[in-house]
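Notes follow once the structure below has been shown.
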Amino acid sequence: MQYLFELSGENPELALEELAALFYPSKFVLIKKFDNFVILESSLSEIKVKELAERSAFLHSAAFLVTKLKSLSLNELGNVKWAFVKIPFCVRAIDLTGNQMSMLEARLAGPIYDYFVQKKDGEIPLVSMEKPKTTVLFVITNKEIYVTKMLWKVSKGRFKKREPMKKPAFHPTTLKPKLARLLVNLSRAKKGYILLDPFCGTGSILIEAAILGCKPIGVDFDAIMIKGSRKNTAFYNVKARLMEGDATKLTKILKPNSVDAIATDPPYGRSTRIGAKNINVLYKDFMSSAHKILKKKKFVALLYPDSINAKKLMNKKQWKIIFETSMFVHGGLTRKFLILQKR
Ligand SMILES: C[S@@+](CC[C@H](N)C(=O)[O-])C[C@H]1O[C@@H](n2cnc3c(N)ncnc32)[C@H](O)[C@@H]1O
């Protein structure tokens, strides 16, 4: 089966890696990439793909690819097997050609409407823009037209309630919920997984992990931060195990090979206290400590400033690099995403 995804324009490379992480351990074949869209071949069902997309942070939409057309002629549109459409339906079109056609969506709805009229089995071909049972999404490029069945579409403001300023315990280092969600997904954490954030601060990653059905554990060596995490998790009515502890000595508080995923944004070494001789020692000792408590073949998703060379600080015999990329934040800060797998 083929699926079409619209990736966030903010960082399509990260969005594609999030897709790979969401699909994991299942794999897909990348068939095509254009603008912010990708077409993937996968054996996963439509329901499963919809579920994965709903969890995402950096996807805009997911759709099942029904067919490809060469043109929007009435003949080609009339030959599409519209039986997948449930009424009431609606039509959406994304035109990437630049030749904006007027009333495009209404025109494209015509052949679908006709299909139901010709069926003459009593179904009235209703259209509903608000509550359609099927949304037919056309993505129009200069070469091909993709006819798809929309499975999921991002809703604006879905993270609004959990923005840092809305949290009862706020700290300048509090991570935005969208990035926290991304990190959880990049760590390949699934429902029921024990996910550790060893530098949990006020708990943004823990909250997203709990919402996604993980069992989060938060560690921070600052008692005030742990108190903040307690307040915030209670406010959003989610559960997390919280512990005061040192991320460079995790075996003191956690059993070896007991954690399924690690997602974290360690200190940047600017204003926060770090509990180590310097920032490099902190990262080095944390990574060797994390290696002990993480299960074999499981993943760590890290977010940190690009002034830190985390790759140089880790033991390459212990970790395999899965993915890395940078994200510009502002003049003084570029963040790095790094995903590692325990060997
Ligand atoms: C960048 S902040 C994390 C922010 C967090 N993601 C949030 O959304 O609130 C880094 C945290 O690491 C904690 N920290 C610093 N050194 C630590 C260490 N050695 N062990 C555990 N926590 C430490 C700091 O107290 C701080 O809360």
Side-chain angles (χ1 to χ4, degrees), residues 57 159 161-187 189 195-212 214 216-236 238 240-254 259 261-293 300-308 310 313 327 329 332-338:
F159 291 117
K161 277 198 247 159
R162 299 193 297 282
E163 285 302 334
M165 297 300 273
K166 299 262 165 71
K167 290 181 172 153
F170 167 77
H171 188 268
T173 61
T174 300
L175 201 61
K176 287 188 177 223
K178 192 172 165 184
L179 284 183
R181 168 78 60 107
L182 178 69
L183 279 176
V184 173
N185 285 336
L186 293 176
S187 77
L195 177 138
L196 171 71
D197 180 354
F199 300 96
C200 72
T202 54
S204 316
I205 292 172
L206 308 176
I207 292 167
E208 294 309 311
I211 290 171
L212 296 177
C214 300
I217 301 179
V219 171
D220 201 294
F221 79 160
D222 186 338
I224 296 170
M225 290 295 193
I226 289 294
K227 225 172 142 185
S229 269
R230 191 154 288 129
K231 242 188 186 171
N232 286 343
T233 47
F235 183 75
Y236 292 104
V238 295
R241 205 177 135 200
L242 298 166
M243 286 183 277
E244 242 178 87
D246 188 339
T248 64
K249 298 182 180 75
L250 290 168
T251 46
K252 282 197 170 174
I253 46 174
L254 293 165
V259 167
I262 298 178
T264 193
D265 71 319
Y268 291 9
R270 295 182 174 196
S271 51
T272 39
R273 288 193 303 128
I274 57 167
K277 207 164 80 189
N278 61 49
I279 197 78
N280 288 344
V281 172
L282 176 80
Y283 275 66
K284 190 168 183 278
D285 291 351
F286 153 62
M287 298 227 262
S288 95
S289 173
H291 190 266
K292 294 187 182 108
I293 51 94
V300 180
L302 290 172
L303 176 63
Y304 54 94
D306 76 342
S307 52
I308 297 165
L313 298 168
M327 190 190 221
V329 183
L333 178 64
T334 297
R335 277 170 165 161
K336 256 207 166 138
F337 286 86
L338 181 66

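Read the numbers this way: they start at 1 and go in the same order the structure lists the ligands and their atoms. Below, each value reflects all heavy atoms present in this structure, side chains not excepted, and no hydrogens, waters or symmetry copies.
Short contacts between ligand 1 and Asp246, defined as distances under 4.0 Å to a heavy atom of the residue, involve ligand atoms 18 (C), 19 (N), 20 (N). Taking a cut-off of under 4.0 Å to the non-hydrogen atoms of Thr173, the atoms of ligand 1 that pass are 1 (C), 2 (S), 4 (C). The contact set between ligand 1 and Asp222, taken as ligand atoms under 4.0 Å from a residue heavy atom, comprises 25 (O). Those atoms of ligand 1 that come under 4.0 Å of a heavy atom in Cys200, given as number and element, are 5 (C), 7 (C), 9 (O). Near Gly245, meaning under 4.0 Å from any of its heavy atoms, are these atoms of ligand 1: 20 (N), 21 (C). Of all the atoms in ligand 1, the ones that sit under 4.0 Å from a non-hydrogen atom of Leu282 are 19 (N). Residue contact check: Leu175 has heavy atoms under 4.0 Å from atoms 7 (C), 8 (O) of ligand 1. Near Pro198, with a cut-off below 4.0 Å to any heavy atom, the atoms of ligand 1 are 21 (C), 22 (N).
To the nearest 0.5 Å, the span separating CD1 on Ile293 from CG on Leu196 amounts to 5.0 Å. If you take CG on Leu175 and SG on Cys200, they are separated by 12.0 Å, rounding to the nearest 0.5 Å. Distance check, rounded to the nearest 0.5 Å: OG1 of Thr264 to CG of Leu183 gives 8.0 Å. Interatomic distance, Leu282 CG to Ile308 CD1, rounded to the nearest 0.5 Å: 8.5 Å. To the nearest 0.5 Å, atom OG1 of residue Thr202 and atom NZ of residue Lys227 are 14.5 Å apart.
Sorted by first and then second residue, the salt bridge (charged side-chain N to carboxylate O under 4.0 Å, His left out) pairs with a member in residues 195-209 read Arg162-Glu208, Arg181-Glu208; sequence neighbours excluded.
Remark: ligand 1 and Ala247 share an N or O pair separated by less than 3.5 Å (distance only, no angle test). Residue Pro267 places no N or O, backbone or side chain, under 3.5 Å from any N or O of ligand 1. Taking distance alone, with nitrogen or oxygen atoms compared against 3.5 Å, Ser204 approaches ligand 1 more closely than that limit. For Asp197, no nitrogen or oxygen atom sits less than 3.5 Å from a nitrogen or oxygen atom of ligand 1, counting backbone and side chain alike.
Residues Leu179 and Arg335 have side chains in contact (heavy-atom distance under 4.5 Å, counting atoms from C-beta outward). Side-chain contact check for Pro177 versus Lys161: every heavy-atom pair is 4.5 Å or farther apart.
Taking all heavy atoms of Tyr304, Tyr268, Phe199 into account, the minimum distance to atom 12 (O) of ligand 1 is reached by Phe199. For atom 16 (N) of ligand 1, the nearest non-hydrogen atom from the set Ile274, Asp265, Leu183 comes from Ile274.
Side-chain atoms of Asp220 come within 3.5 Å of backbone N or O of Gly201 as a donor-acceptor pair. With Tyr268 contributing its side chain and Thr173 its backbone, the two residues share no donor-acceptor pair below 3.5 Å.
Of all non-hydrogen atoms in Gly203 and Ser229, the two that sit nearest each other are N-OG, 3.1 Å.
Under a 4.0 Å heavy-atom criterion, His171 is not in contact with ligand 1. Distances shorter than 4.0 angstrom occur between a heavy atom of Thr174 and an atom of ligand 1.
Contacts of Pro266 with ligand 1, taken as heavy-atom pairs under 4.0 Å, involve the backbone alone.
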